[in-house]
Each structure stands twice: as structure tokens, then as C-alpha cells.
*Asks:* 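Below is one structure. I have some questions about it.
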Amino acid sequence: MTRSSFLRPGVLALGLFAALTPLAAQADEAILAGGCFWSMETDLDRVPGVTETISGYTGGHLKNPTYQDVITETTGHYEAVKVTYDPAKISYDQLLQAYWHSIDPTDAGGQFCDRGDSYRTAVFAMNDAQRKAADASKSAVQKELGRTVATAVLPAAQFYPAEDYHQDYAQKNPGHYKRYRIGCGRDAAVKAVWGDKAQAEMTGKLG
């Protein structure tokens, strides 16, 4: 008879919980700005391994900004998404690839029809490892495209979740969002930059 046979049920259950918990709880985060956060959220939610996206504001000087504050283009904030992902299913480097293939990284003035500083692209590195990975990834993209990449790599700043009505906007307002996305020309512009690689990692379904 092994020693495990003498374990009390509660101890045995605790050990089983400890063995299973890391698989369920394992998660990393990233903060990415790629123009309209409705679209960034929609695109990245379709990347296998991404478990959550939250639309919000970051990189500015005003505390607790609102959407109305940010669209004045005086607060310094970017529209961004905080991405939670399972590193057992997708690495940070792979997440960055999905990010690049969903934006035009050569546009310094915004993204597509959305113009202004709040719509600029940026990777907000949450630690030194992310910064090094983002710098290397940016250099590779610049070499591949043969054009200057305008996307900044910045240290992560305070992230403020956007108002509730902005969260999961495409799922809550599918008709309006579809009209906006088509009118803004996002998909056609991304295709023009990336060709067959455009949105290639977005193989999942929303909802």
C-alpha cells in the first residue's frame, strides 16, 4: 500500500486541485493599440489562444479619461485593447504577428478612416521581455515591408477600461459595426499592405 492511500480526502482533493489549476489559470496579458478599439477587439477575439479583450485608453496624461475626453486629441491617450491570452496556445511573438496583420503599421497619422493621435498604433510592453520581443518583431516587419514602420514600442502605462457600451461593440451592435467597418475601408487597406497574410491568424468565430 502506498503512502498516498493514507491521505485524507481533503488533502487528496487539494493536491488534485493544485495539479489542475495551473492549466486553467495560466494566462498572460498584452496591451496593443491599432486604431479603433472596436475593430482591434473584434479581430483579436478571433485569434485562437486569446481568451479576453478589453477596450480602453492608455498612454496619456489625464487620469480616468472618458471617450469624450480622448476624442478631443488633447489627453495623449491611445485607443487600445488589453489582451489576455493562453501562452500554452499562442506565444507573445505569435500574438504580435496577428496584431501586425490586422493593421497598417506604416500609417503614422491613425488607421484607415480614423485620424488623430488616439488612433495611432503602438505596442505597450508590460515587461522587458515583451519590449525586446516587440522591438525585434517591429524590425522584422519593417524589413519585410521595405517601409518605415510607424508603430511605437512603448512601456506600458496605466490602462483605463473604456465605457461599457464600447465593450464587445461588434457583437452588441452588429449592423452598425458592419457599416462602420465597410465604410472605413479597414479590410481592403490591410489587404493592400499584407496581401494573403492579412488577418491570416483570425480563424476563430466571435461569440
*Asks:* Any side-chain donor paired with an acceptor under 3.5 Å for Asp114 and Tyr180?
*Replies:*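 Result is yes, a qualifying pair exists.
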
*Asks:* With sequence neighbours excluded, tell me which residues meet side chain to side chain donor-acceptor pair (under 3.5 Å) with Thr84.
*Replies:*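 Thr84 satisfies side chain to side chain donor-acceptor pair (under 3.5 Å) with no residue once adjacent residues are dropped.
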
*Asks:* Would you list the pairs meeting salt bridge (Lys or Arg N to Asp or Glu O under 4.0 Å) in which at least one residue belongs to residues 55-77, sequence neighbours left out?
*Replies:*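 Every candidate salt bridge (Lys or Arg N to Asp or Glu O under 4.0 Å) pair involving residues 55-77 fails, so no pair, neighbours aside, qualifies.
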
*Asks:* From Ser55 OG over to His166 NE2, what is the distance, rounded to the nearest 0.5 angstrom?
*Replies:*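 Answer for the OG-NE2 pair, Ser55 versus His166, is 8.0 Å.
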
*Asks:* How long is the span from the CG atom in Asp45 to the CD atom in Glu52, to the nearest 0.5 Å?
*Replies:*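 Interatomic distance, Asp45 CG to Glu52 CD, rounded to 0.5 Å: 9.0 Å.
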
*Asks:* Might you work through the side-chain contact (heavy atoms from CB on, under 4.5 Å) test for Trp100 and Lys138, ending with a clear yes or no?
*Replies:* CA-CA 9 Å; Trp100 295 122; Lys138 176 180 176 178; 4.0 Å; yes

*Asks:* With heavy-atom distances below 4.5 Å as the criterion, would you say the side chains of Arg181 and Trp38 are in contact?
*Replies:*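 Side chain of Arg181 against side chain of Trp38, heavy atoms only: no contact under 4.5 Å found.
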
*Asks:* Short question: side chain of Ser139, backbone of Asp135 - any donor-acceptor pair under 3.5 Å?
*Replies:*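 Confirmed, Ser139 side chain pairs with Asp135 backbone.
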
*Asks:* Salt bridge between Asp43 and Arg186, side-chain N to carboxylate O under 4.0 Å?
*Replies:*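 Between Arg186 and Asp43 there is a salt bridge, with a charged N closer than 4.0 Å to a carboxylate O.
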
*Asks:* If we only count heavy atoms from C-beta on, is the Gln142 to Leu145 side-chain gap below 4.5 Å?
*Replies:*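 Contact flag for Gln142/Leu145 side chains = no.
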
*Asks:* If the condition is salt bridge (charged side-chain N to carboxylate O under 4.0 Å, His left out), which residues does Asp93 pass it with, not counting sequence neighbours?
*Replies:*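 With sequence neighbours excluded, Asp93 shows a salt bridge (charged side-chain N to carboxylate O under 4.0 Å, His left out) to no residue whatsoever.
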
*Asks:* Examine Ile31 and Val123 and state if one hydrophobic cluster contains both, with Ile, Leu, Val, Met, Phe, Trp and Tyr joined whenever side-chain heavy atoms are less than 4.5 Å apart.
*Replies:*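 No, it is not one cluster - the side chains of Ile31 and Val123 are not joined through contacts under 4.5 Å.
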
*Asks:* Would you say Glu29 and Val83 make side-chain contact, with heavy atoms under 4.5 Å?
*Replies:*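 Glu29 vs Val83: side chains apart.
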
*Asks:* Would you mind listing every salt bridge (Lys or Arg N to Asp or Glu O under 4.0 Å) that reaches into residues 162-180, with sequence neighbours excluded?
*Replies:*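 Not a single pair qualifies under salt bridge (Lys or Arg N to Asp or Glu O under 4.0 Å).
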
*Asks:* Within a strict 4.5 Å, meaning less than it, do heavy atoms of the Val193 and Val190 side chains meet?
*Replies:*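 The answer is no, as the side chains (C-beta and beyond) never meet within the 4.5 Å cut-off.
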
*Asks:* Less than 4.5 Å apart, side chain to side chain, heavy atoms only: is that true for Pro48 and Thr203?
*Replies:*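 Contact flag for Pro48/Thr203 side chains = yes.
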
*Asks:* For Tyr99 versus Ala33, what's the shortest heavy-atom pair and its separation?
*Replies:*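 Heavy-atom minimum between the residues: OH-O, 2.6 Å.
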
*Asks:* Sequence neighbours excluded, which residues qualify as ring-ring contact (aromatic ring centres under 6.0 Å, His included) partners of Tyr78?
*Replies:*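 ring-ring contact (aromatic ring centres under 6.0 Å, His included) check on Tyr78 returns Phe124.
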
*Asks:* Does Thr72 have any side chain to side chain contact (heavy atoms under 4.5 Å, CB included) partners at least two apart in sequence or in another chain, and if so, which?
*Replies:*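 Applying side chain to side chain contact (heavy atoms under 4.5 Å, CB included) to Thr72 gives Thr74, Thr75.
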
*Asks:* Test of understanding: with salt bridge (charged side-chain N to carboxylate O under 4.0 Å, His left out), list the residues that count as partners of Lys197, not counting sequence neighbours.
*Replies:*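 Partners of Lys197 by the salt bridge (charged side-chain N to carboxylate O under 4.0 Å, His left out) criterion, ordered by chain and then number, come out as Glu144.
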
*Asks:* Which residue pairs pass the disulfide bond (SG atoms under 2.5 Å apart) test when at least one of the two sits in residues 59-152, sequence neighbours left out?
*Replies:*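 The answer is Cys113-Cys184.
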
*Asks:* I would like to know whether Met40 and Thr53 meet side-chain contact (heavy atoms from CB on, under 4.5 Å); could you show each step before the answer?
*Replies:* CA-CA 9 Å; Met40 284 299 298; Thr53 57; over 6 Å; no

*Asks:* Apply side-chain contact (heavy atoms from CB on, under 4.5 Å) to residues His77 and Leu62 and explain how you reach the verdict.
*Replies:* CA-CA 8 Å; His77 288 91; Leu62 181 68; 3.9 Å; yes

*Asks:* Assess whether side-chain contact (heavy atoms from CB on, under 4.5 Å) is satisfied between Thr51 and Tyr85, documenting all intermediate values.
*Replies:* CA-CA 5 Å; Thr51 57; Tyr85 64 98; 5.5 Å; no

*Asks:* Applying a strict under-4.5 Å side-chain criterion to I, L, V, M, F, W and Y, I'd like to know whether Leu95 and Met126 cluster together.
*Replies:*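 Each belongs to a different hydrophobic cluster.
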
*Asks:* How would you list, by chain and number, every residue that makes a side chain to side chain donor-acceptor pair (under 3.5 Å) with Asp107, sequence neighbours excluded?
*Replies:*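 Partners of Asp107 by the side chain to side chain donor-acceptor pair (under 3.5 Å) criterion, ordered by chain and then number, come out as Arg115.
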
*Asks:* Report the distance from atom NZ of Lys82 to atom CG of Leu44, rounding to the nearest 0.5 Å.
*Replies:*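 It is 15.0 Å, given to the nearest 0.5 Å.
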
*Asks:* Give a yes or no on whether a salt bridge exists between Lys132 and Asp128, defined as a side-chain N under 4.0 angstrom from a carboxylate O.
*Replies:*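 Looking at Asp128 together with Lys132, the answer is yes, because their closest N to O distance falls below 4.0 Å.
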
*Asks:* What's the separation between atom OG in Ser91 and atom CG in Asp86, rounded to the nearest 0.5 Å?
*Replies:*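 These two atoms lie 11.5 Å from each other.
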
*Asks:* For the pair Thr42 and Tyr169, evaluate side chain to side chain donor-acceptor pair (under 3.5 Å) and give the outcome as yes or no after the intermediate values.
*Replies:* CA-CA 8 Å; Thr42 301; Tyr169 188 87; over 6 Å; no

*Asks:* Look only at the side chain of Trp194 and the backbone of Asp104, and say whether a donor-acceptor pair between them is shorter than 3.5 Å.
*Replies:*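 Not a single qualifying donor-acceptor pair exists.
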
*Asks:* Are side-chain heavy atoms of Val81 and Ile54 found at a separation under 4.5 Å?
*Replies:*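 No. Closest side-chain heavy atoms not under 4.5 Å.
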
*Asks:* Side-chain polar contacts of residues 148-162 - donor-acceptor pairs under 3.5 angstrom, sequence neighbours left out - could you list them?
*Replies:*
residue : atom : partner : partner atom : Å
Thr151  : OG1  : Thr121  : OG1          : 2.7

*Asks:* Please find out if less than 6.0 Å separates the ring center of Phe37 from that of Tyr57.
*Replies:*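 Yes, close enough.
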
*Asks:* I'd like to check the side chain to side chain donor-acceptor pair (under 3.5 Å) partners of Glu201; sequence neighbours left out, ordered by chain and number.
*Replies:*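 Side chain to side chain donor-acceptor pair (under 3.5 Å) list for Glu201, sorted by chain: His101.
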
*Asks:* Which heavy atom in Arg46 sits nearest to a heavy atom in Met202, and how many Å separate them?
*Replies:*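 Closest approach of Arg46 to Met202: NH2-O, 2.7 Å.
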
*Asks:* Does Asn173 use its side chain to pair, donor to acceptor, with the backbone of His176 at less than 3.5 Å?
*Replies:*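 Such a contact is absent between Asn173 side chain and His176 backbone.
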
*Asks:* Taking all atoms of both residues into account, what is the closest heavy-atom pair of Cys36 and Tyr119, and its distance?
*Replies:*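 Shortest heavy-atom contact: N-CD2, 3.8 Å.
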
*Asks:* Go through the structure and list residues passing salt bridge (charged side-chain N to carboxylate O under 4.0 Å, His left out) with Arg120, not counting sequence neighbours.
*Replies:*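 For Arg120, the residues satisfying salt bridge (charged side-chain N to carboxylate O under 4.0 Å, His left out) (neighbours in sequence not counted) are Asp117.
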
